[in-house]
There are 2 protein chains.
Amino acid sequence: MTKVRPGENPAERPRAAVMEDVAELAGVSAMTVSRVLNAPEKVRPETRARVLAAVRELDYRPNSAARVLVTGRSGVLGVVCFDTTLYGPASTLFGIEQAARDSDYLVSIASLPALNRRWITRGIDRLRSQSVDGVIVVAPHESAAEGLRNLPPGLPVVDVGGGSDLPVPVAAVDQSAGAARATRHLLSLGHRTVWHLSGPPNWIDANGRVAGWRSALEAEGREVPEPLVGDWTAHSGYEIGKRLAREPDVTAIFVANDHMAMGVLRALREAGRRVPEDVSVVGFDDVPEAAYFWPPLTTVRQNFGEVGRQAFQLLLDRIAGAEGEARRMVEPELVVRESTGVSP
Amino acid sequence: MTKVRPGENPAERPRAAVMEDVAELAGVSAMTVSRVLNAPEKVRPETRARVLAAVRELDYRPNSAARVLVTGRSGVLGVVCFDTTLYGPASTLFGIEQAARDSDYLVSIASLPALNRRWITRGIDRLRSQSVDGVIVVAPHESAAEGLRNLPPGLPVVDVGGGSDLPVPVAAVDQSAGAARATRHLLSLGHRTVWHLSGPPNWIDANGRVAGWRSALEAEGREVPEPLVGDWTAHSGYEIGKRLAREPDVTAIFVANDHMAMGVLRALREAGRRVPEDVSVVGFDDVPEAAYFWPPLTTVRQNFGEVGRQAFQLLLDRIAGAEGEARRMVEPELVVRESTGVSP
DNA sequence: AGGGTCGCTGTTATCGCAAACACTCAGGAA
DNA sequence: TTCCTGAGTGTTTGCGATAACAGCGACCCT
């Protein structure tokens, strides 16, 4: 006998099946259906088979809202991010999503209209209101730190790319090591020193690359020129590149990302300075196109996918109750192409 | 009097406040609290003020799972997508997310390990199991169509970039128009005909660009060369570009995206063919770096953000009960830079 | 005075599921 | 036999919110 619920017209499209419907069809109680789905070993195989057959026949799907209500777990994790059209954040997000998919988690995203403490807090709140099990913050900016200082208690949070003084676990590429590697590569080619075109102020990655570059120069006792500051865009690379091109001293430039490096390459060429004969250029990121720049760009590859996976793993640990701080550093890799050569 | 729930130790961190707690503090019933939050005009201003004060004092946040359970609405929409590291999909996703944020929707994403019917269906199922209010599919591939043929009834679905024969509303850039515009631009510069390096087979955008290119050539009675097929990467553009560079006939190339165009530019240069003096090149997308290619790339700009917004709007309409098909076409724009010039 | 209507608030039932506990029955130990 | 044990299943309850309806003054109308 099929109950017709009050207000339900049997002629209309039938409601989606619920656990009780499955139970009835299989001749068991709803609880047994629940067990088949959540702890199959506790149900006798024959019963289990009957239930599963009923599940298939009715195309039953558990209602996650009901399950969340009673268990407190949603199987959804949140990602707070800034601009997902930038190569780095987009790749990280992709890595997180893939790792999450493999563990049957779903990812909700909250993008921010601006990078500051208030918006980050709002983003986390927005996600929390949807009962996410945890949050990964991809906002590689100093202001993220403030936003992570007082988090709602009980919400697992992991940061990507953040500094070392954060009160939450962090997964990141070792920016400083990558920058140092790039700088040493240039020095090893005989350049007296290396100029730097950095990312915008207060971006963690930008700071890390400046630090690595500076320490590599200082370690060798080289002069440390004042870094120039861009905004990650090819446009800014071009504008600042024009200035650098006018300085005959400048024979080696470490640029904080590939897109800016592209602008620099163009500015140098327009100024008649050959790369790498007159000036060597190194980028950062290794975007897929970097090998097709003119000339092909020597750069530092970041494995964003791996960072995403590590961040997800840290979050899982946290959700499972792990305490304390944790850092997962991913090592970047120098990729030497044709934009670097011996000092003229 | 504050009830201590069974199993609760008053010394521990207190549970998050629920509606009943707010009601008690404000001296009203839970129902009144609910009304203050969902239909404030139905509550006397003084009462409302007391309730809101209690909400703030307890930092009360509604439990969305409970609300979903009873209303059937989650305030979450799902996006099914393939590779969010590609510029187009990433930008579209970003547009959707921004539009959603402005309307207090949250976005969950389900990325696909491969583009085919089965995975698309799975992605939609994964989202559906989280009670999303609707789904936007960003999978510009023929196989998406099959995946959209038999959808679960009752789930609003909108497609981005799909063909005209889909059973769901579609928001898209008019690829064909953009390609035709690019082709006509080249013809107007005096080129006898225009070669085409297309995207991979069965990608909707790739097909649309081929169609637009072909029709523009045919409209002027020009010879239509066999299109060459790439895979969107700069690498493939370079490899195929080397072949094109060997053909002296080739004076104008319409490339299906900017990254491949970058590879083509490099191949031409290496072969000693000057751009635009010997060969003109047009791309598609207008990635932010296109203006800094060497030479700066003439290309067709797609407003992905707008597409995302339109798709979101279509989905809102659908959720609100709108029926029937609908298409929102966004017009692309030709951006002329220095990679195109008069026929040699 | 009697009886609406209206504005505001409270009571009860319900959404779909799982935790906790209760029950049944077979098989083995005492 | 009697009791115990434990595997397998059922019953009850409650998660936190909203829908539907009921109650109750105040006010107006006739």
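Quick note on labels: first sequence line is chain A, next is B, and so on, each numbered from 1.
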So which protein nitrogen or oxygen atoms get under 3.5 Å of nucleotides 10-13 of chain C's nitrogens or oxygens?
residue : atom : partner  : partner atom : Å
dG10(C) : OP2  : Ser29(B) : N            : 2.9
dG10(C) : OP2  : Ser29(B) : OG           : 3.0
dG10(C) : OP2  : Thr32(B) : OG1          : 2.6
dG10(C) : N7   : Arg35(B) : NH2          : 2.8
dG10(C) : O6   : Arg35(B) : NH1          : 3.3

Please tell me which of the listed nucleotides, dC17(C), dG16(C), dT18(D), lies nearest to the side chain of Leu69(B)?
-> dG16(C)

Protein-nucleotide distance (Met19(A), atom CE; dT13(D), atom C1'), rounded to Å = 16 Å

Just one of Ile136(B), Val158(B), Ile319(B) clears the side chain to side chain contact (heavy atoms under 4.5 Å, CB included) bar with Leu314(B), so which one?
-> Val158(B)

Test Asp125(A) against Arg128(A) for salt bridge (Lys or Arg N to Asp or Glu O under 4.0 Å), laying out the working first.
-> CA-CA 5 Å; Asp125(A) 274 357; Arg128(A) 188 160 58 125; 3.5 Å; yes

Does any N or O in the side chain of Thr71(A) come within less than 3.5 Å of the main-chain N or O of Arg73(A), such that one atom is a donor and the other an acceptor?
-> yes

Can a side chain N or O of Ser34(B) be found less than 4.0 Å away from OP1 or OP2 on dT18(D)?
-> yes

Determine the sole option in Ile109(B), Val160(B), Val138(B) for which the side chain to side chain contact (heavy atoms under 4.5 Å, CB included) test with Leu93(B) is passed.
-> Ile109(B)

Separation between CZ of Arg101(A) and CG of Leu112(B), rounded to the nearest 0.5 Å | 7.0 Å

Which residues, if any, of residues 37-54 of chain A bring a heavy atom under 4.0 Å of DNA chain C?
-> Asn38(A)

Between dC15(D) atom C1' and Glu20(B) atom CD, what is the distance in whole Å?
-> 13 Å

Inspect the contact between Arg149(A) and Glu146(A) and indicate whether a charged nitrogen and a carboxylate oxygen are less than 4.0 angstrom apart.
-> no

In a check of side chain to side chain contact (heavy atoms under 4.5 Å, CB included) between Ser74(B) and each of Leu69(B), Leu106(B), Asp133(B), which one passes?
-> Asp133(B)

